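In listed order, ligands and their atoms are each counted from 1. Computed from heavy atoms alone, side chains included, the values below leave out hydrogens, waters and symmetry copies. Quick caveat: nothing in here was measured; it's all calculated off a predicted structure.
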Amino acid sequence: MKDAFGLPQSLLVLGGTSEIALATARRLVARRTRTVWLAGRPSPALDEAAGQLRALGAEVRTVAFDALDPESHEEALGKVFAEGDVDLVLLAFGILGDQAHDEREPLNAVRVAQTNYTGAVSAGLVSARALQAQGHGSLVVLSSVAGERARRANFIYGSSKAGLDVFAQGLGDALHGTGVHVMVVRPGFVRSRMTAGMEEAPFATTPEAVASAIELGLRRRSETVWVPGALRVVMSAVRHLPRAVFRRLPV
Ligand SMILES: NC(=O)c1ccc[n+]([C@@H]2O[C@H](COP(=O)([O-])OP(=O)(O)OC[C@H]3O[C@@H](n4cnc5c(N)ncnc54)[C@H](OP(=O)(O)O)[C@@H]3O)[C@@H](O)[C@H]2O)c1
């Protein structure tokens, strides 16, 4: 069960090697999280991530999970919930793709959409049902500012995040009053493996800063979290710029 401050004892990460998720897991283990499930595609990196969290004192288990195989989600996640209550599900998997390349290779673009959107629809619904059955818990969804407005430079990824974001908002409304809380997290540019080698965008931040914002959001039971917080205001202005103006911005 969560403590009086809304922090979880048990955590399930979907996308178990995500740098943002692991920064969050480290932070929560340093508070009071004792059990961590890392769900992801089996790899040495997944085992290493589990080892690092174990070294911090958590009981860590891994489970095979592929966002691109929704037929398997029920069984993979069911196994986790069958072992005991999960206070927090952190939906962290995602791929950025390569916009220029993916525009020429539609099947690659579809892979971005299927990982980030349809994979999350399936895993999100399976997790939500399990949380609802136990009667408590949070589902934290890593969306992105990229879903707020289509950008020439990354509209394939952005559109998948827009779909994910709206889905998660609706799921949060559907679960309102059930004891299950859904929190949508919208980071800007985060310095992680996903953005390695890319030119930094304004308001660039770190996985640790996102982890800290997630902790605060859990304590407050927030529904939406921007990282950094200033992006909430910035994006509300950006959202209303006329397209002709927005198109000419160097974003
Ligand atoms: N970095 C940013 O600037 C930024 C900004 C806003 C939002 N976000 C979002 O935050 C989340 C975490 O990103 P990050 O920065 O931590 O990136 P990351 O370190 O690259 O993590 C991405 C995770 O997604 C997993 N993944 C990819 N395809 C998968 C699949 N088919 N099935 C299961 N897992 C899969 C990866 O697992 P493998 O080890 O198997 O590849 C990895 O665990 C993503 O949803 C991302 O879109 C990131």
Side-chain angles (χ1 to χ4, degrees), residues 12-27 36-50 52-53 62-73 76-77 89-99 108 110-124 126-127 139-149 151 153-154 156-165 167-168 183-211 213-214 224-228 231 235:
L12 165 61
V13 176
L14 306 181
T17 63
S18 146
E19 283 193 42
I20 294 175
L22 292 173
T24 307
R26 284 194 298 274
R27 195 174 179 95
V36 181
W37 285 89
L38 296 181
R41 296 180 291 193
S43 69
L46 188 65
D47 295 336
E48 199 182 310
Q52 286 176 7
L53 291 174
T62 60
V63 59
F65 168 82
D66 186 345
L68 289 170
D69 184 15
E71 280 82 9
S72 68
H73 291 178
L77 304 183
V89 179
L90 176 56
L91 196 156
F93 58 82
I95 54 173
L96 190 54
D98 174 341
Q99 175 78 30
N108 277 355
V110 165
R111 195 176 164 85
V112 174
Q114 287 181 335
T115 304
N116 297 350
Y117 179 60
T118 56
V121 167
S122 161
V126 170
S127 301
L139 173 63
V140 172
V141 177
L142 284 175
S143 176
S144 168
V145 293
E148 277 291 296
R149 179 133 201 198
R151 282 201 298 133
N154 78 346
I156 296 173
Y157 172 78
S159 64
S160 71
K161 287 297 189 181
L164 168 67
D165 197 293
F167 168 76
M183 184 167 94
V184 177
V185 181
R186 296 187 188 133
F189 185 104
V190 183
R191 294 179 201 109
S192 76
R193 183 166 53 130
M194 181 174 273
T195 54
M198 291 171 63
E199 195 183 327
E200 283 197 5
F203 300 98
T205 187
T206 61
E208 288 71 26
V210 181
I214 289 175
T224 314
V225 171
W226 298 82
V227 198
L231 280 176
M235 291 312 292

Please determine whether side-chain contact (heavy atoms from CB on, under 4.5 Å) holds for the pair L38 and L53, giving the CA-CA distance in whole Å, both sets of side-chain angles, and the decisive distance to 0.1 Å. CA-CA 10 Å; L38 296 181; L53 291 174; 4.1 Å; yes

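Only side-chain heavy atoms of K161 come within less than 4.0 Å of ligand 1; its backbone N, CA, C and O stay farther off. Counting heavy atoms closer than 4.0 Å to ligand 1, residue T195 contributes side-chain atoms (C-beta onward) but none from N, CA, C or O. Contacts of V190 with ligand 1, taken as heavy-atom pairs under 4.0 Å, involve both backbone and side chain. In A45, neither the side chain nor the backbone holds a heavy atom less than 4.0 Å from any atom of ligand 1.
From E208, atom CD reaches atom CD of E19 across 8.5 Å, with rounding to the nearest 0.5 Å. Atom CG of L90 is separated from atom CG of L12 by 8.5 Å, given to the nearest 0.5 angstrom. If you take CE on M183 and OG1 on T224, they are separated by 9.5 Å, rounding to the nearest 0.5 Å. Note that the CG atom of D66 and the CZ atom of R41 stand 6.0 Å from one another [nearest 0.5 Å]. To the nearest 0.5 Å, atoms CG (N154) and CG (D98) are separated by 11.5 Å. Taking OH of Y157 as the reference point, atom OG1 of T115 lies at 11.5 Å (rounded to 0.5 Å).
The protein atom (non-hydrogen) at minimum distance from atom 12 (C) of ligand 1 is A92 O, 3.1 Å. Closest to atom 28 (N) of ligand 1, if we only count protein heavy atoms, is R41 NH2, 3.2 Å. Of the protein's heavy atoms, R193 NH2, 3.8 Å lies nearest to atom 18 (P) of ligand 1. Nearest protein neighbour of atom 19 (O) of ligand 1, counting heavy atoms only, is E19 N, 3.0 Å. Looking only at protein heavy atoms, the nearest one to atom 35 (C) of ligand 1 is F93 CB, 3.7 Å. Considering only non-hydrogen protein atoms, atom 17 (O) of ligand 1 sits nearest to M194 CB, 3.6 Å. Remark: minimum distance from atom 8 (N) of ligand 1 to any protein heavy atom is reached at Y157 OH, 3.7 Å. Atom 15 (O) of ligand 1 has its closest protein heavy atom at S192 OG, 2.6 Å.
Listed by atom number, the atoms of ligand 1 under 4.0 Å from L142 heavy atoms are 10 (O), 11 (C), 12 (C), 45 (O). Those atoms of ligand 1 that come under 4.0 Å of a heavy atom in A67, given as number and element, are 30 (C), 31 (N), 32 (N), 33 (C). Near T17, the atoms of ligand 1 lying under 4.0 angstrom from a non-hydrogen atom of the residue are 36 (C), 37 (O), 38 (P), 39 (O), 42 (C), 43 (O). Near F189, meaning under 4.0 Å from one of its heavy atoms, ligand 1 places the atoms 3 (O). Distances below 4.0 Å separate heavy atoms of S143 from the following atoms of ligand 1: 6 (C), 7 (C). Each of the following atoms of ligand 1 lies closer than 4.0 Å to a heavy atom of G15: 43 (O). Set against the non-hydrogen atoms of P187, the atoms of ligand 1 under 4.0 Å away are 6 (C), 7 (C). Heavy-atom proximity to S144, at under 4.0 Å, picks out these atoms of ligand 1: 6 (C), 7 (C).
Classified by interplanar angle (parallel below 30°, tilted 30° to 60°, perpendicular above 60°), the ring pair F65/F93 is tilted.
In this structure the side chain of V145 never reaches within 4.5 angstrom of the side chain of F189, judged on heavy atoms. At a threshold of 4.5 Å between non-hydrogen side-chain atoms, the residues E148 and L231 do not count as touching. Using a 4.5 Å heavy-atom threshold, the side chains of L96 and M198 count as touching. When side chains are defined from C-beta on, N116 does not count as touching L164, because their heavy atoms never get closer than 4.5 Å. L22 is not listed as a side-chain neighbour of P207, based on a closest heavy-atom distance of 4.5 Å or more.
A heavy-atom separation below 4.0 Å is found between G188 and ligand 1. Heavy atoms of G40 come nearer than 4.0 angstrom to ligand 1 in no pair at all.
Formation of a donor-acceptor pair under 3.5 Å by the T195 side chain with backbone atoms of S192 is found in this model.
Heavy-atom contacts from other residues, nucleotides or ligands closer than 6.0 Å to CZ of R111 number 12 or fewer.
Residue-to-ligand polar distances keep I95 apart from ligand 1: every N/O pair is separated by 3.5 Å or more.
If you check each of D66, T115, V227 against atom 31 (N) of ligand 1, the one with the closest non-hydrogen atom is D66. In this comparison of S18, G16, G94, A146, the heavy atom closest to atom 21 (O) of ligand 1 sits on S18.
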